[in-house]
Q: 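Pasting a structure below so you can have a look.
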Amino acid sequence: MAELKYTPVPHDHNAFLAKARTRKGFNEAYDALALEYQVAGQMLKARSRAGLTQDAVAERMGTTKSAISRLESAGKHAPSLATLKRYASAVGCELQVKLVRQKAR
């Protein structure tokens with residue numbers, strides 16, 4: 001079984017975004033992927049809380065580390081609900097999906 005210890009790398013996401021938002025076209029591109037970034041962020045937090053490496057999650061899901069890396073990369077891969085359910089289970093979570101009525105414009 002793969003090593004289950006995981007130590008997250010420090011990252012100041014707000015500082016990263018502040019710098020990135022100064023680049024032309026970044027805001028539009030980033031905003032277009034907001035949902036994907038939100039899902040990827042939740043996946044990374046869940047894996048971190050579980051104390052698991054990508055290798056460990058891959059082993060639990062019966063896949064490869066590179067597949068997990070693709071799943072956790074927003075905008076590069078659109079995983080199925082079945083895959084998200086397997087990932088959630090591997091990190092000790094359950095997947096919940098809800099549709100929320102849009103606010104009137």
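Residues: numbered from 1 along the sequence shown.
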Q: Can you see which heavy atom on Leu52 is nearest to which on Ala56, and at what distance?
A: CD2-CB, 4.0 Å
Q: I need the Ile68 CD1 to Glu59 CD distance, nearest 0.5 Å.
A: 11.5 Å
Q: Tell me, which pairs form a ring-ring contact (aromatic ring centres under 6.0 Å, His included) where one or both residues lie in residues 44-65, sequence neighbours left out?
A: none
Q: Listed by chain and number, what are the side-chain contact (heavy atoms from CB on, under 4.5 Å) partners of Lys65, not counting sequence neighbours?
A: Gln54, Asp55
Q: Compile the donor-acceptor pairs under 3.5 Å between side chains in residues 17-24 and protein atoms, sequence neighbours left out, one pair per line.
A:
| from | atom 1 | to | atom 2 | distance (Å) |
| --- | --- | --- | --- | --- |
| Arg21 | NH1 | Asn27 | OD1 | 2.6 |
| Thr22 | OG1 | Lys19 | O | 2.6 |

Q: Can you list every ring-ring contact (aromatic ring centres under 6.0 Å, His included) pair that touches residues 38-63, not counting sequence neighbours?
A: none
Q: For Ala40, enumerate each residue passing the side-chain contact (heavy atoms from CB on, under 4.5 Å) test, keeping only those at least two apart in sequence or located in another chain.
A: Ala74
Q: Of all residues at least two apart in sequence or in a different chain, which pass the side-chain contact (heavy atoms from CB on, under 4.5 Å) check with Gln38?
A: Leu35, Gln42
Q: Side-chain donor-acceptor pairs under 3.5 Å in residues 87-103, sequence neighbours left out?
A:
| from | atom 1 | to | atom 2 | distance (Å) |
| --- | --- | --- | --- | --- |
| Tyr87 | OH | Met43 | O | 3.2 |
| Tyr87 | OH | Glu72 | OE2 | 2.6 |
| Glu94 | OE2 | Gln96 | NE2 | 2.8 |

Q: Can you list everything that forms a side-chain hydrogen bond (donor to acceptor under 3.5 Å, both in side chains) with Thr83? Sequence neighbours excluded, please.
A: Ser80
Q: Applying side-chain contact (heavy atoms from CB on, under 4.5 Å), can you list everything that pairs with Asp12, at least two apart in sequence or on another chain?
A: Asn14, Ala15
Q: Not counting sequence neighbours, which residues clear ring-ring contact (aromatic ring centres under 6.0 Å, His included) with Tyr37? List them please.
A: Tyr30
